[in-house]
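Below: the structure, in structure tokens.
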Amino acid sequence: MVTKSKDYDFQEIEPRWQSFWERENPYKSGTDLTRPKYYVLDMFPYPSGAGLHIGHPEGYTATDIISRYKRAKGFDVLHPMGWDAFGLPAEQHAVKTGTHPAANTQNNIANFKRQIKALGFSYDWDREIDTTDPKYFRWTQWIFLQLFKRGLAYVDERPVWWCPEMRTVLANEEVVDGKSEVGGFPVERRSLRQWVLRITAYADRLLSGLEGVDWPDSTKRMQAAWIGRSEGAEITFGLEQPGLGGLKVFTTRPDTLFGCTYMVLAPEHALVEALTTPEQRSAVDLYRKQAASKSDLERTDLAKDKSGVFTGSYALNPINGARVPVWVADYVLTGYGTGAIMAVPAHDERDYAFAKRYDLPIVAVIEPAADVTGKPAPALPYTGDGSLVHSGQYDGLSWQEAKRRMTDDLASKGVARHSVNYKLRDWLFSRQRYWGEPIPIVWVCEADYRAAVAANPADFPKDPVSFEEAGVVRFAVPVPDSVLPLELPSVQSYLPSGTGESALANVTDWVDIWYDFSSGRSVPASSPKPDASTWVRARRETNTMPQWAGSCWYYLRYTDPRNAQAFASPAALSRWGGPDLYVGGAEHAVLHLLYARFWHKVLFDIGAVPTDEPFRKLFHQGIILGEDGEKMSKSRGNVVSPDTIIASHGADSLRLFLMFLGPLEAMKPWNPKGIEGVHRFLQKVWHDCVGEDGNAHARIVDGHQDSGATLKLLHETIRKVGDDIEGMRFNTAISQMMILENALHKEAQVSRSTTLAFVQILAPFAPHLAEEIWSRLGAPGLASAAPWPAFDAARVSSAEVRIVFQVNGKHRADQLVPLGITQEVALGLAQAHEKVAPFLAGKRVVKVVFVPNRILNLVVA
RNA sequence: GCCCGGGUGGCGGAAUGGUAGACGCUACGGACUUAAAAUCCGUUUUCCGCAAGGAAGUGUCGGUUCGAGCCCGGCCCCGGGCACCA
């Protein structure tokens, strides 16, 4: 063993305990099934080349404290860590250097792991996972196939965000202000064939499921807003041209039908062509061309400047037969509702602005409830509450009532139905990248598709997934489970082809194949066709999955990370379920958390997981800003590296300080001086426990009778630290331990039992120091293995209490009094009190407010 | 524009409607030291006062209450999210 230094030599102590933990693995989970389980999860990181950022250990320290606390409380704790390792930087590095992205990724993982271990976190490293490991992404692909089977994955030629710099498409939500969210590169619209997941089929459940989870309200609201459910009606307007059928619109305000003075179609609407009259043809064509060339940035950012053009045609309002002009305008979006609206300028701000610009009539049909004073008609557009006017038989009804009745009336004539719309769009799931999970699909011709379906009907969706290319229709055939994982082939260059396909498209022998749909085996198309009827000519899918895929289900894999038969066994899933606590940044409030919930619900529907929601309780740690109060960034030069702090003050000080900075959820600036404060605290604890010879300090006395005040403070601290850990208020837990230390420090002698209890509650925060002191004091086993100290309520109650005397609500004096004195006694004491009496002199007490054991307030006149 | 969250000493932050500023940082004073660092002991919201003590005070204006940092309404500022979704 090492020499016992009398000093707090964290540089010696911390690595020593870390190698002890490495050797002994005391944090292995699932070792005692008689204990209740607790699963606490961090959002796993992308292992970037830059290494750990100070924000990482913030959340990780919080979950580590909870893990250690829960273990001490008798729980079997699952606390794992892994790597969300597919990602663009590794691919860009590969493009530049020509080395396989996996090599770079593994280096980065090794570095991340070293840094994380240097913080002394109690992860069960036996459960480490890596999304780029074929043993892992085999199941990512398997889940994709489950989605495919259920008709939840399809391909579509659709206008998507194309980033020329990255040579890939991006999902809507990965594009911010016309630039890629990652990298900030410009993006443009392109129409490309894409895989899309039908998340909209789960919109309602994704919304209702939010009610039952313990998440920050702001996050729930954000998801709800993202899903954007709105209830209304789909109404069919008549058209004068024969043979066109009707014009369907979605509206949330069918009650304003009488106020509809024109219609608007999105420029891409299918009926624009047919509705455009010869006189308007050139104007409409020009407008559509302009709209198509506008970037979405222009379309949205110039929201104030509405533009449009008249088609020359009219529609007929089903409620009153009114003839209303049909316009084309790009303020109506093609992807929402029916891509057409009925415009009610009097009661909609957008329609109002448009009507003003083009001099269209404005008819008010809603008025606020008539007030006796007879207010003037409200300014238009009026979107508030009210009842109907100028609406024939519906006049006088409240708008809510009218909405219902008018929809019902029109529905009975077959020209309307109650309808619900969502802002949520289907999830663009393909990327033109090399470094991602290959999509386990091959494309074949129709005849071969039929043969494949006949052979394995259960593997296919009801409706075939197909697309047309150069006059040929290709059909999607899933690669069978048995040949998963479908691994990435090696390539000459990692650069995407640039035509909308990934680098995989250039690997001819991998892409163009003879494929056996009965077994999933394949040989390059350049070789002779194997001699069996189940071998068909096929082309592999060259798109890969987005980075979100691997993180959609990783929390399930941790429960059974080495299982080769299933993504996790039913036993493991029923033991651990989902995380009891999930901690990560608020930047994932919508995307990751929504996608993961979607996959989870699909897995629930196929009976693969026991719960409907993955994350019961969610917590977002706040961002740590630089010393200057700005976001940490290389360019600002305000980045703080965990490695530096560990070298100068130790991991325990860093852990403690990260938690002491302020509330975990708050955004807070780093203060380089503050680390000294918590470091001094640990020094103080050390020197009060460890003597000159490196063993227990002489002031620690076995069997010493601590004062009542000391025991009271100890038990208050045990209670507060426990409560604060449970409530994730780590900053106040640390304050309380500082108060206790300051008090113990003043004592000439402290009992060994008090000292050990203190060391134990400190252990989740500063595990290295705690274990070291624990062993120096000769305590048995590990501090972290001892049961959490029991809180003794009898110790904190005392016979006396400090009561406050107020006069007219102002604090005038306080006094130590026996617990439970009556109002009369308190009143007597107050009146006799030298500091209170002057304020009562010559006054009459008109009211007495008495809060037992707390306060006596005398109201005087 | 809409929806959230937040404004407390020089700084980070504490405060079930009941002593505002716990705890820490900084600064200042003292002890120890030849000296410094470290450590230890104090002081540290502002104003008046030698002091005892008093007054004011949680962005701002008002309200509820015996009592408001906390509850209610208006306004100002900061941060986050959404943004033509009919």
Side-chain angles (χ1 to χ4, degrees), chain A residues 216-226 228-230 232 249-254 256 264 266 299-306 329-344 347-351 353-354 421-425 586-587 589-590 620 622-623 625 629 656-657 660-663 665-681 683-684 687 729 731-742 745-746 802-814 835 838 845-851 853-860:
Chain A
D217 278 341
S218 58
T219 303
K220 290 206 240 183
R221 263 192 291 267
M222 260 191 247
Q223 286 215 355
W226 191 265
R229 183 180 200 274
S230 50
V249 301
F250 172 72
T251 179
T252 54
R253 295 296 302 272
T256 61
V264 185
R299 271 206 185 184
T300 55
D301 244 34
L302 305 176
K304 287 107 221 167
D305 273 342
K306 298 211 172 10
D330 66 4
Y331 82 89
V332 171
L333 307 177
T334 187
Y336 183 78
T338 62
I341 60 154
M342 59 175 228
V344 184
H347 305 294
D348 181 281
E349 289 177 19
R350 297 149 300 181
D351 297 344
F354 191 81
N421 259 284
Y422 299 91
K423 286 188 203 173
L424 184 69
R425 308 295 159 86
E587 66 272 21
V590 177
H620 299 305
I623 297 170
L625 304 170
L656 215 59
F657 186 52
F660 191 61
L661 229 34
E665 66 275 21
M667 185 184 283
K668 53 223 169 234
W670 178 263
N671 172 3
K673 288 284 174 47
I675 185 84
E676 299 287 349
V678 292
H679 188 66
R680 273 200 281 267
F681 164 66
Q683 288 271 13
K684 220 163 149 182
H687 287 297
R729 296 179 298 267
N731 54 332
T732 50
I734 294 168
S735 297
Q736 183 64 33
M737 289 189 284
M738 287 174 167
I739 292 169
L740 178 61
E741 166 55 24
N742 290 343
H745 183 71
K746 291 194 170 85
R802 189 165 294 277
I803 194 165
V804 169
F805 298 136
Q806 294 184 341
V807 179
N808 286 345
K810 273 197 208 302
H811 172 249
R812 291 303 175 190
D814 51 60
K835 287 185 182 166
V845 176
V846 294
K847 183 165 184 175
V848 178
V849 180
F850 180 65
V851 182
N853 300 324
R854 272 215 128 116
I855 208 158
L856 179 77
N857 184 17
L858 305 177
V859 184
V860 298

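A quick note: this is a predicted structure, and the numbers were derived from the prediction, not measured. To find a chain, count down the sequence lines: A is the first, B the second, and so on, and within it residues start at 1.
Phosphate proximity of B:A14 to A:N731: present, with a side-chain N or O under 4.0 Å from OP1 or OP2.
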So A:K684 and A:N742, side chain to side chain donor-acceptor pair (under 3.5 Å) or not? Walk me through it.
-> CA-CA 9 Å; A:K684 220 163 149 182; A:N742 290 343; 2.8 Å; yes
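Residue A:R680 has its side chain nearest to B:U26 when only B:C84, B:U26, B:G42 are considered. For A:V332, the side-chain atoms get nearest to B:A86 when compared with the rest of B:A86, B:G42, B:G18.
Nucleotide B:G79 is shown with an anti base, its glycosidic torsion being more than 90° from 0.
Atom CG of A:L333 is separated from atom NZ of A:K423 by 10.5 Å, given to the nearest 0.5 angstrom.
The separation of B:C28 from B:U33, taken at their P atoms, amounts to 23 Å, rounded to a whole angstrom. When the C1' atom is compared between B:C71 and B:G80, the two are found 25 Å apart, to the nearest whole Å. When the P atom is compared between B:G12 and B:C3, the two are found 30 Å apart, to the nearest whole Å.
The strand RNA chain B forms stems, runs of 3 or more Watson-Crick or G-U wobble pairs with distances below 3.5 Å, at B:1-7 with B:76-82, B:10-12 with B:23-25, B:27-31 with B:39-43, B:45-48 with B:53-56, B:59-63 with B:71-75.
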Where protein sits on nucleotides 5-12 of chain B, one letter per nucleotide: B base, S sugar-phosphate only, - none, heavy atoms under 4.0 Å = -------B
Only distances under 3.5 Å count here; give the side-chain donor-acceptor pairs of residues 667-675 of chain A to other protein atoms, sequence neighbours excluded, each with its distance to 0.1 Å.
unit_1	atom_1	unit_2	atom_2	d
A:K668	NZ	A:E58	OE2	2.7
A:K668	NZ	A:P663	O	2.8
A:K668	NZ	A:L664	O	3.1
A:K668	NZ	A:A666	O	2.9
A:N671	OD1	A:K673	N	2.9

Protein N or O to nucleotides 47-58 of chain B N or O, pairs below 3.5 Å:
unit_1	atom_1	unit_2	atom_2	d
B:A55	OP2	A:R812	NH1	3.1

Between protein and nucleic acid, restricted to nucleotides 63-67 of chain B and to nitrogen or oxygen atoms under 3.5 Å apart, what atom pairs and distances do you find?
unit_1	atom_1	unit_2	atom_2	d
B:C66	OP1	A:K847	NZ	3.2
B:C66	O2'	A:N857	ND2	3.3
B:C66	O2	A:N857	ND2	2.4

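Atom pair A:R229:CZ and B:A86:P shows a separation of 12 Å (rounding to whole Å applied).
Taking the side chain to side chain donor-acceptor pair (under 3.5 Å) definition, one finds that A:Q736 meets it with A:T717, sequence neighbours left out.
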